[in-house]
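See below for the structure under consideration.
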Amino acid sequence: MRCLQLAPADRPITRITLDVGQDQGGEPGVWAALTADEARDLARLLLVHAGPAERGTAPLGSPRKSGPSL
């Protein structure tokens, strides 16, 4: 993960970048540029699903504001 700043210094656009890694063929893979709120939402969703995955149970789900399903 990295912090990426774009555009003018007086009004920078800041994103948290996440490098997902190389694809199966070794080519550069997918990366995401998230706002701070999007990064927090992703972290929350990952944590919601991590515990049940460790226990081998499916999560009951959680209400989402918006965004891709995980």
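Along the sequence shown, residues are numbered consecutively beginning with 1.
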- Message: Using 0.5 Å steps for rounding, measure from the OG1 atom of T17 to the CH2 atom of W31.
- Response: 7.0 Å
- Quick one: pull up CD1 in I16 and CG in D37 and give me the separation to the nearest 0.5 Å. 9.0 Å
- Task: State, to 0.1 Å, how close A33 and E38 come at their nearest heavy-atom pair, and which atoms those are.
- Result: O-OE1, 4.2 Å
- Going from CG on L18 to CG on L42, what distance comes out if it is rounded to the nearest 0.5 angstrom? 7.0 Å
- Task: Taking the side chain as every heavy atom from C-beta outward, state whether T35 and R15 have any atom pair closer than 4.5 Å.
- Result: yes
- Query: Could you give the distance from CD (E54) to NE2 (H49), rounded to the nearest 0.5 Å?
  - Reply: 13.5 Å
